[in-house]
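First up is the structure itself, then whatever we jot down about it.
Heads up: numbering here begins at 1 and tracks the sequence.
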Amino acid sequence: MLFNSFGYLFFMIIVFMVYWLSPHRFRWILLLGFSCWFYMCWEPVYILLIMGVTAVSYAGARFVYDQKKKTVKKAVFIVSCLLILSLLFFFKYFNFVSDNVIGILRKFSIPAQPVTLRVLLPVGISFYTFQSLSYLIDVYKQKIEPEKHFGYYALYVSFFPQLVAGPIERSQDLIPQLKSEKIFRCEQAMGGVSWILAGLFKKIVISNTIAKAVDLVYGNLTSYSGGVLIIATTLFAIQIYCDFSGYSDIALGSAKLMGIELSHNFECPYLSDSVSDFWRRWHISLSRWLRDYIYIPLGGSRVSKARVVFNRMVTFFVSGLWHGAAWTYVIWGCLHGLYLTAEDWIYRAFHLRRDGKRRIWKVLLTFILVDFAWIFFRAENLSDAVYVITHMFEGAADPLAYILRTLRTPHVLSKWGAVMLTVEFAIFGVLEYICYRYHDYGQYLERKGKLYAYLFRALLLTAIVIFCTKNASGEFIYFQF
């Protein structure tokens with residue numbers, strides 16, 4: 001059940017009505033049931049996976065917290081983590097590891113046959129496994145107490161707005177909200193509607209429109225070269241941001257309709273003036289997870305310079321591998337690790353202040369670096385990525401001819417499409433400004449007054465309706481992770 005579908009619209013209306021018409025003591029049961037139904041709409045049998053992860057992390061945390069013997073406590077903790085990670089490995093990484101092992105053996109002339117599993121990757125498995133692991137680790141380190149109510153914990157793991165693609169929530173932030181009694185407030189509900197409309201606008205109107213041009217180029221790379229590859233890569237940077245932040249906005253809005261606040265996952269990342277600033281603004285919940293559960297436990301930045309580089313590269317290697325079982329994702333992650341290493345060296349070598357003024361050239365340079373890394377994220381394989389890199393400046397020695405050839409390349413973006421995209425980007429710019437300045441669409445509209453709020457929502461809704469007939473289909477990019 002996609003967020004950008006009529007099925008989800010009807011589902012959300014039913015959930016909203018049933019939730020607020022029901023007594024507080026029954027709401028967690030209803031939300032858990034709706035969340036299970038939501039997940040089973042993709043592949044019913046995979047509900048057993050999320051139930052297994054929930055049971056293992058719940059029981060493991062309870063046992064670890066009550067156990068006095070350190071050796072037994074550590075053993076149970078490790079076994080619980082390995083059980084959860086084994087599911088992630090089996091479904092997401094087994095074929096990747098198998099293919100690479102077979103490739104290495106064949107390099108040494110050792111005969112071996114590849115073992116390939118033909119299984120469907122469970123939607124959202126990377127997200128709910130990481131969310132369960134964070135809970136288990138926090139309990140083991142005695143940062144939090146384990147949740148005694150299995151139902152509330154199961155709802156924490158499977159809460160449908162953030163189940164498939166985050167944000168990756170912490171139990172201490174979400175479970176208390178699930179337990180607390182809610183009083184319906186119209187302002188909060190309308191704020192939720194505003195978030196949902198903004199998310200749908202980003203996904204249907206912008207991301208899906210851009211995807212057609214990007215897919216056309218990246219789906220047939222050898223037919224293109226020069227500036228067209230740069231345009232397609234730049235458009236992909238906008239596409240993936242609108243796609244993923246659009247999902248996050250709909251998730252936040254859906255939760256707000258039930259009086260629940262989820263974490264913000266984006267804070268205008270393309271306005272970052274450094275790569276480190278970018279990672280404070282992009283996929284914030286994953287960045288914090290990697291920092292708290294990988295980077296800091298490895299020693300963080302309180303070790304030797306060489307060890308800091310090692311810790312950083314390991315963290316971003318995991319980040320890349322988390323996104324996908326392919327070397328393109330690993331290179332994407334490691335490239336960001338190298339960016340941060342170089343950035344840290346430059347600031348130290350030239351004694352620059354990180355809290356200096358935000359300059360347009362720093363923002364532009366950061367975007368160029370991030371956009372270059374997106375080539376590996378979007379390319380189907382390493383050879384495609386190499387083709388883009390080696391052909392994107394083909395003919396640039398003659399700048400005028402380079403520009404003219406780019407403009408004359410047919411079928412990438414029509415003149416009417418360019419005009420429409422300009423209008424869409426203008427509205428998108430307003431949405432970004434609101435997030436940057438006010439951090440919340442609902443609060444912004446409350447300040448502006450009811451008339452402005454109705455016009456704002458009507459504008460977004462009109463654009464969504466116009467584009468939904470031809471752009472509504474298409475999964476969110478991060479569903480595959």
Side-chain angles (χ1 to χ4, degrees), residues 3 35 50 53-54 57 84-85 88 92 123-139 141 143-144 153 155-178 192 195 198-199 202-203 240-256 260-270 272 275-297 300 315-316 318-324 329 332-333 336 340 370 377 435-436 439-440 476-481:
F3 276 2
S35 296
I50 196 169
V53 170
T54 302
S57 55
I84 294 172
L85 288 172
L88 184 60
K92 191 168 183 177
V123 174
I125 189 171
S126 297
F127 289 90
Y128 62 74
T129 51
F130 267 36
Q131 189 157 300
S132 301
L133 284 172
S134 67
Y135 168 79
L136 196 54
I137 294 169
D138 286 346
V139 172
K141 292 184 175 180
K143 292 182 178 180
I144 60 172
Y153 178 71
L155 180 56
Y156 156 72
V157 176
S158 62
F159 186 48
F160 73 87
Q162 48 86 224
L163 171 61
V164 177
I168 303 171
E169 293 289 344
R170 305 292 174 89
S171 61
Q172 57 267 39
D173 296 328
L174 184 54
I175 291 180
Q177 293 191 73
L178 299 174
W195 277 98
K202 290 179 182 179
K203 170 61 177 172
I240 193 171
Y241 173 58
C242 289
D243 193 282
F244 194 17
S245 69
Y247 172 91
S248 298
D249 288 353
I250 299 171
L252 263 66
S254 299
K256 276 180 178 289
I260 296 170
E261 299 288 338
L262 297 180
S263 304
H264 288 211
N265 229 2
F266 297 91
E267 290 184 1
C268 305
Y270 291 147
S272 305
V275 178
S276 56
D277 188 31
F278 173 80
W279 280 102
R280 285 190 290 268
R281 295 164 173 268
W282 175 274
H283 203 172
I284 298 170
S285 62
L286 176 64
S287 299
R288 289 175 177 170
W289 198 100
L290 293 170
R291 179 198 65 193
D292 294 345
Y293 300 108
I294 295 181
Y295 183 68
I296 292 177
T315 302
F316 278 93
V318 173
S319 175
L321 197 60
W322 178 89
H323 280 85
Y329 293 114
W332 169 81
H336 275 277
L340 289 171
V370 171
F377 201 96
C435 275
Y436 182 76
H439 305 290
D440 191 289
F476 289 83
I477 293 173
Y478 266 68
F479 276 22
Q480 63 186 297
F481 307 136

* Of all residues at least two apart in sequence or in a different chain, which pass the ring pair (Phe, Tyr, Trp, His ring centres under 6.0 Å) check with Y135? -> Y153

* Partner residues of Y293 under the ring pair (Phe, Tyr, Trp, His ring centres under 6.0 Å) criterion, sequence neighbours left out -> W289

* Check for a donor-acceptor pair, side chain of S319 on one end and backbone N or O of G333 on the other, with a separation under 3.5 Å. => no

* To do: Output yes when a side-chain donor or acceptor of S287 lies under 3.5 Å from a complementary backbone atom of W279, and no otherwise.
  => yes

* Electrostatic pair D243:K203 at N-O distance under 4.0 angstrom -> yes

* Atom CZ of R291: over 12 foreign heavy atoms under 6.0 Å -> yes

* Asked: So, for F316 and W322, is the gap between ring centers shorter than 6.0 Å?
  -> no

* Asked: Do the ring centers of W282 and H336 come within less than 6.0 Å of each other?
  -> no

* Which residue pairs pass the salt bridge (Lys or Arg N to Asp or Glu O under 4.0 Å) test when at least one of the two sits in residues 160-170, sequence neighbours left out? -> R170-D292

* Asked: What residues, two or more places apart in sequence or in another chain, satisfy side chain to side chain donor-acceptor pair (under 3.5 Å) together with Y128?
  -> Y39

* Asked: R280: what forms a salt bridge (Lys or Arg N to Asp or Glu O under 4.0 Å) with it, not counting sequence neighbours?
  -> D277

* To do: Just jot down the salt bridge (Lys or Arg N to Asp or Glu O under 4.0 Å) partners of E267, sequence neighbours excluded, or say none.
  => none

